[in-house]
Amino acid sequence: MARHAASVRTFQMFVNGAFVDASDGELYPIPNPATEEIEAYAPNAAPADMGNAISAARRAFDEGPWRKVTRYERARILRRIADGIARRKEEFRSLLVRCAGATYATHAIQLDMPIEFLYQYADWALRFDPVEMLPPVIDSPVAPGVNNAMVYHQPVGVCGLIPTWNFPLYLTVQKLGPALAAGCTMVFKPSPFAPVVDLLLAEVVAECDLPPGVYNVVTGQLKELGSILVEHPAVDKISFTGSAQVGKTIMGLAAGTLKRVHLELGGKSAAIILDEPSLEAYAIAAAAPSFFHAGQGCALCTRLLVPKRLQDAAVEKIRSFLETGVRIGDPADPSVLLGPVIREERRRAIEGVIASGRSDGALLVTGGGRPLDLPRGYFLEPTVFCNVRNTMRIAMEEIFGPVLCILSFQDEAEAIEIANQSPYGLSGAIYCSDTARAIELAKRIRTGSVHINGAANLLHAPFGGFKQSGLGREGGRWGLLEYYEVQAIAWR
């Protein structure tokens, strides 16, 4: 049954301090990926709408009062935004469930972490001194007398911010927090798959006394919107989260103006189980991330590496867990662990990769199809392959669905070789009863982060990748520095 039109909310964009419709009034529907019913309508912007937002951000940075706002005021604004999300937490939770397919098991990252990030960036706005004094030089080879110097961190300027759809609030806040803390202005262009979380966030930000034009949100299905944002000469920096292929396109488009580009891209991360005690303790914990949020996460470890002698035991533990302990269904049910993928087109793409695993000779352990008891919604069974070679498509390609590949190795050297034999380098994991040994092995893995025995520090550690997993870092001081230019000033 279709949802009654009266219960379907229509959102507006936020441009130059005001909520506005698309210039031609066009809207597009946002379906619930679990039910296929329409949950909301978002503005379907035209190119002129993106141009207006960029112009507003440029004026706000160059001419408005924002440049004179102190870091104390910026910290206050960031705290107000965090407080506003917390106050409307259940509204955000509802949209994450209904429009992003987020199960309750994901809400600590989807909802709680973004609030903490904003408080953290409020602290960074206060703690980070943009002025750094350098030691003076007397009678340098190029200048007589006493030469003083300082480094001044200038806000980079107008930022085009393009988060993706899988963790919409988390990914948006990872860009919004440091951009505001540094004193930038910005235009957000959310993914057309999940824009309404950003539009609800705009309602929170609108209450926080930002000058017009500092923060803008433009939504739409037109691919040209992203190209306009990336190529526009009035935009100083692009921060994009998404696939490696789109990241490469963005780098090419940005080359015309040589603007700063920050890319947080895909991954094909490996989790390595090194010994039998670790297999007994952590086999399920090592496999479970492949099915977290239906496998729709760039940093999830979707390759599981186990000693050859332990492969059969690992396969049986994981098969039993998935077939008896994982409930698939509507994420509105708190007992559901595995929800849908975001759209039918994504499900078809994942099914194509699963088919390649079968044709390439990998052994299907469990799953591989659509749940027969869920005829509506974009659901897929949790899928596991073993006897996987690292040259297979399922082992090399980021699938972005609930698919795990189990590979075997003879010794540590081969495990590291397999883990590094990937075009990506975003994350990884090691499970080992000897922590010191695991840390030394982690230093040999070519990824932006490595987690040992399930440990994680998402709040303070930098996040980003090696190789085709991107450029730059988000999180903490490293994320803040991405939004500054470094200027040297010298005087006598």
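Numbers here are sequence positions counted from 1. Treat the numbers as computed from the prediction; the structure is a model and nothing was measured.
Here the closest non-hydrogen pair linking Ser243 and Phe240 is O-CE2, 3.6 Å. The two residues Cys184 and Gly157 come nearest to each other via the heavy atoms CB-O, 3.2 Å. Taking all atoms of both residues into account, the shortest heavy-atom contact from Gln110 to Ala102 is NE2-CB, 3.6 Å. Taking each heavy atom of Asn32 and Tyr378 in turn, the nearest pair found is O-CE1, 4.5 Å. In this structure, Pro168 and Leu96 approach most closely via the heavy-atom pair CG-CD2, 3.7 Å. Looking at every heavy atom in both residues, Arg303 comes nearest to Ser422 through NH2-CB, 3.8 Å.
Note on Glu345 versus Arg348: no salt bridge recorded, every NZ/NE/NH1/NH2 to OD/OE distance being 4.0 Å or above. By the 4.0 Å N-to-carboxylate-O rule, Arg87 lies close enough to Glu207 to be salt-bridged with it. We find that Arg98 and Glu37 are not joined by a salt bridge, their nearest charged nitrogen and carboxylate oxygen being 4.0 Å or further apart. A salt bridge is defined here as a Lys NZ or Arg NE, NH1 or NH2 lying under 4.0 Å from an Asp or Glu carboxylate O, and Arg58 with Asp236 meets this definition.
Summarising the geometry, atom CZ belonging to Phe167 is positioned 5.0 Å from atom NE2 belonging to His293; distances are rounded to the nearest 0.5 Å. Between the OG atom in Ser269 and the CG atom in Leu426 there is a gap of 5.0 Å [rounded to 0.5 Å]. We find the CG-CD distance between Leu263 and Gln468 to be 11.5 Å, quoted to the nearest 0.5 Å. The CZ atom of Arg127 sits 8.0 Å away from atom CD of Gln120, with the distance rounded to the nearest 0.5 Å. For the atom pair OG1 (Thr164) and CD (Glu264), the distance works out to 9.5 Å, reported to the nearest 0.5 Å. Here Leu169 contributes atom CG and Phe117 contributes atom CZ; the two are 11.0 Å apart, rounded to the nearest 0.5 Å.
In this structure, the side chains of Phe379 and Leu338 stay at 4.5 Å or more apart for every pair of heavy atoms. For the pair Leu337/Thr103, no side-chain contact is recorded, criterion being any heavy-atom separation below 4.5 Å from C-beta on. Residues Tyr121 and Gln174 form a side-chain contact, since some pair of their non-hydrogen atoms from C-beta on lies under 4.5 Å apart. When side chains are defined from C-beta on, Ile318 counts as touching Leu304, because their heavy atoms get closer than 4.5 Å. Pro155 places a side-chain heavy atom less than 4.5 Å from the side chain of Phe61. Residues Leu265 and Lys248 have side chains not in contact (no heavy-atom distance under 4.5 Å, counting atoms from C-beta outward). Between Val230 and Ile162, some side-chain heavy-atom pair lies under the 4.5 Å cut-off. Two residues are said to be in side-chain contact when any heavy atoms from C-beta on lie closer than 4.5 Å; Glu203 and Phe14 fail this criterion.
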Legend entry - Verdict with supporting geometry, Asn44 and Leu27, side-chain contact (heavy atoms from CB on, under 4.5 Å): CA-CA 5 Å; Asn44 199 16; Leu27 298 164; 5.8 Å; no
Inset, instruction - Check step by step if side-chain contact (heavy atoms from CB on, under 4.5 Å) holds for Leu200 and Arg9. - result: CA-CA 11 Å; Leu200 182 60; Arg9 182 171 174 191; 4.1 Å; yes
Inset, instruction - Output, in order, the C-alpha distance, side-chain angles, deciding distance and verdict of side-chain contact (heavy atoms from CB on, under 4.5 Å) for Trp66 and Leu210. - result: CA-CA 8 Å; Trp66 181 238; Leu210 279 174; 3.6 Å; yes
Inset, instruction - Tell me, with the steps shown, if Leu201 and Leu176 meet side-chain contact (heavy atoms from CB on, under 4.5 Å). - result: CA-CA 11 Å; Leu201 178 61; Leu176 172 67; 4.1 Å; yes
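No side-chain donor-acceptor contact under 3.5 Å links Ser290 and Thr302. Side-chain atoms of Gln296 and Asn166 include no donor-acceptor pair closer than 3.5 Å. Using a 3.5 Å distance cut-off with no hydrogens or angles, the side chains of Ser239 and Glu482 do not pair a donor with an acceptor. Using modelled atom types, one finds no donor on one side chain facing an acceptor on the other under 3.5 Å when comparing Tyr170 with Asp112.
Other residues, nucleotides and ligands contribute over 12 non-hydrogen atoms within 6.0 Å of the CZ atom of Arg80.
Between Phe128 and His153, the ring planes lie perpendicular to each other; the angle is over 60°, past the 30° to 60° tilted range.
No side-chain donor-acceptor contact under 3.5 Å links Lys237 to the backbone of Tyr484. Judged purely by atom type and a 3.5 angstrom limit, Asn457 uses its side chain to pair as donor or acceptor with the backbone of His460.
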